[in-house]
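Written out below as structure tokens is the structure these notes cover.
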Amino acid sequence: MASVRIINQEEVAKHNTVSDFWIILDGYVYDLTTFLDLHPGGKVVLLPYAGKDATEAFYGLHRVEHIFPYAKKFMVGRLPTSPPESPHVPKAGIISKVPYAEPSAWQNFLSPYFTPKHLQFKSVFRAFVDTELKPVSNSYELSGKDPSPELFKKMGAFGFLACRMGQVLGPYLKEFNLPAGVRAEEYDYFYEMIAHEEAGRIGTPGFGDALGAGMVIGMPPVVIMGPQAMKDKVVLPILRGEKRIALAISEPFAGSDVAGIKTTARKSECGRYYIVNGVKKWITNGTFADYFTTAVRTGGSGMGGISVLLIERGPGVTTKKIKTSYSGAAGTAYIEFEDVKVPVENLLGKENEGFKVIMANFNHERWAIICGVNGAVRGVIEECMKWAHQRKVFGQRLIEQPAIRQKMGAMIAQLEAVQNWTENITYQMNNMSYDDQSKYLAGPMALLKYQCTRVADFVSGEACQVFGGRALTVTGMGALVARFRTSQKFSAVLGGSEEIMNDLGVRQAMKFMPESAKLESALCNTEGIPMRGTKPRAAEAVDGWQ
């Protein structure tokens, strides 16, 4: 900004009255004379800083983005020592340099998983989020309104929706120009991980889930199990943002107990339709979905009588918005199906084998939840790190307090452990067939989801303590932390509750437990040297073992 006028501090000091009011922020000079009476906190807060540097006081009360709307209008110059590029102009797609604000691969650590192309993709994807989604996120979050069709089409054109589906799309992914020029054939699960993390970082949980969460969990069964005619009709319109889809499994009668669903689907006398009757509850994106991937009972009780149908919104389908602890923008719905005629061609998989369809979908659903939560948690930790460095109490910055450093260290350590486990699981997904993923990753994925949501709960509590009363306020400095506090339990319930996840993880491990495995005697003496006559199993491959 070479054209900005250079002003020395002595000149700024002369403008120190109500009728001529200048202040300095980050080395840039602002004439706030006409703004004094418009200041939301009243002009009395500003008056002590007339003609002075108000930077420290400002950041004790405000986020830097609060300056953005006013910078162009009120900025009159800069100090000779200030940087030529103003910090008060929003920048899109920037990878944060705040410690632990990004996974280690993006902060100059070596990674066996990510390439420079992944970093380029992350920056371009984040730039879209910063310029097209974040500016409208607060208004949607606060109003609770459904996202507009225009916004969905904008996401479709960019490839945002296709990126959140990834490899499961198969040939359909080639229909889109992916961000950063990534080719469909190189779009691995690490690219998709980045997409989910960036969606989670938006900081408005309800609005974040509105951006296709229903598609992420509702469309894979259509792509994998649906007949070709069905896929030709619905897949591309959904990815282009022209249509929306939701997963409809949970009911007032059955949540994690999927085998207990009561919604029925009976064949019509002509045999061409299923007649569906029943209700679904807590269906994300349900209020604005055009299609519902729906679990129904076509047979007897238990998991053996379940089928999955793709139901199109039409006669007999009624959706009502449910008020939840996060924003209504997510479109969480109560759905009634009353004598809904569904063509038999809309069956996903085989009749009475829908439980397999549902279970096969859970791995990807839970992994997507994990990635999104990781992104959200990292965003909270970044907020805490920034706040602890700019907020002063008892004459020193918060970060100088040992108690705050203890909280920061505990949050960081727990997130980094989950992040590394997530990356390891993602690597397995890249190198396993779909069947092998279902067989070998169901248990680890369940345990990872449990640990992820436990860490989210911990970080939520600690972040509130770091921000204090600001974490209890829906706007201002602690807004992101406050929103996270009221929404993080969603991930601990959706896709399988923590208790179910823990149990599933151990039950899956039991399937691989060798029958011959027994506790063994200690094989070492007090010096830690193997006792005579014993040999570790691994030593069989070591030459010279005696």
Side-chain angles (χ1 to χ4, degrees), residues 145-147 149 152 210 212-215 217-223 225-227 229-235 237-238 241-255 257-301 303 305-324 328 330-355 357-358 361:
K145 293 181 179 179
D146 297 340
F152 262 87
M215 174 200 68
I217 61 179
M219 196 156 76
V222 174
V223 177
M225 302 289 189
M230 176 193 295
K231 292 187 282 189
D232 290 344
K233 177 182 178 181
V234 306
V235 173
I238 290 172
E242 299 162 2
K243 297 287 185 178
R244 277 75 70 88
I245 190 171
L247 181 68
I249 294 178
S250 296
E251 299 180 356
F253 318 101
D257 179 20
V258 176
I261 65 166
K262 296 182 181 296
T263 297
T264 60
R266 302 287 182 237
K267 285 276 185 70
S268 63
E269 291 185 5
C270 66
R272 295 168 52 199
Y273 300 97
Y274 287 102
I275 308 301
V276 179
N277 284 278
V279 294
K280 298 291 180 180
K281 194 172 184 180
W282 306 291
I283 307 306
T284 305
N285 300 175
T287 60
F288 51 81
D290 300 286
Y291 299 101
F292 304 90
T293 302
T294 310
V296 296
R297 185 161 300 286
T298 51
S301 61
M303 65 182 68
I306 293 175
S307 298
V308 178
L309 296 175
L310 182 69
I311 301 178
E312 187 170 1
R313 184 184 288 273
V317 179
T318 304
T319 58
K320 302 174 183 176
K321 185 168 289 191
I322 298 174
K323 291 184 178 181
T324 67
T332 308
Y334 180 83
I335 305 175
E336 297 177 56
F337 298 111
E338 184 176 358
D339 293 331
V340 181
K341 294 176 65 175
V342 181
V344 293
E345 293 81 10
N346 283 24
L347 179 68
L348 298 175
K350 297 179 180 179
E351 187 172 281
N352 294 329
E353 294 186 11
F355 198 78
V357 177
I358 296 168
N361 189 46

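Keep in mind that this is a model prediction, so the values were computed, not measured. Residue numbers start at 1 and run along the sequence shown.
Considering every non-hydrogen atom in both Leu348 and Gly226, the closest pair reads CD2-CA, 3.5 Å. Minimum heavy-atom separation, Ala333 to Thr319: CB-CB, 4.5 Å. In terms of heavy atoms, Pro252 sits closest to Tyr334 at CG-CE1, 4.1 Å. Across Ile245 and Ala289, no two heavy atoms sit closer than the pair C-CB, 4.0 Å. When every heavy atom of Ala213 is checked against every heavy atom of Thr284, the shortest pair comes out as CB-CG2, 4.1 Å. Closest approach of Asp146 and Lys321 over heavy atoms only: OD1-NZ, 3.0 Å.
Annotation: the span from Thr332 atom OG1 to Ile283 atom CD1 amounts to 9.0 Å, rounded to 0.5 Å. Here CD1 of Ile238 is found 13.0 Å from NZ of Lys231. Values are rounded to the nearest 0.5 Å. The distance from the CD atom of Glu353 to the OG atom of Ser307 is 8.5 Å, given to the nearest 0.5 Å. Taken from OH in Tyr274 to CZ in Arg266, the straight-line distance is 11.0 Å, to the nearest 0.5 Å.
Within the 4.5 Å cutoff, the side chain of Met230 has heavy atoms near those of the Asn346 side chain. Here the side chains of Tyr291 and Val222 are not in contact, with every heavy-atom distance at 4.5 Å or above. Using a 4.5 Å cut-off on side-chain heavy atoms (C-beta onward), Ile306 and Ile261 make contact. At a threshold of 4.5 Å between non-hydrogen side-chain atoms, the residues Thr318 and Glu338 do not count as touching. Within the 4.5 Å cutoff, the side chain of Phe292 has heavy atoms near those of the Val317 side chain.
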Verify side chain to side chain contact (heavy atoms under 4.5 Å, CB included) between Met215 and Phe152, making sure each step is shown before the conclusion. CA-CA 12 Å; Met215 174 200 68; Phe152 262 87; over 6 Å; no
Asn277 vs Thr264, side-chain hydrogen bond (donor to acceptor under 3.5 Å, both in side chains): CA-CA, chis, key distance, verdict: CA-CA 5 Å; Asn277 284 278; Thr264 60; 4.9 Å; no
Verdict with reasoning, Ile275 to Lys341, per side chain to side chain contact (heavy atoms under 4.5 Å, CB included): CA-CA 5 Å; Ile275 308 301; Lys341 294 176 65 175; 3.7 Å; yes
Does Lys281 form a side chain to side chain contact (heavy atoms under 4.5 Å, CB included) with Ile322? I'd like the steps, not just the answer. CA-CA 8 Å; Lys281 194 172 184 180; Ile322 298 174; 3.7 Å; yes
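In this structure a side-chain-to-backbone donor-acceptor pair under 3.5 Å is present from Lys280 to Ala295. A donor-acceptor contact shorter than 3.5 Å links the side chain of Asn361 to the backbone of Ile217. The closest donor-acceptor contact from the side chain of Asp290 to the backbone of Arg244 lies under 3.5 Å. A donor-acceptor pair under 3.5 Å links the side-chain atoms of Thr263 to the main chain of Val279, judged by distance alone.
Between Glu251 and Arg297, no side-chain nitrogen of the basic residue sits less than 4.0 Å from a carboxylate oxygen of the acidic one, so the salt-bridge criterion is not met. Under a 4.0 Å N-O distance rule, the pair Lys233/Glu345 does not qualify as a salt bridge.
With Leu347 as the fixed residue, the side-chain contact (heavy atoms from CB on, under 4.5 Å) test singles out one of Leu309, Val296, Leu310: Leu309.
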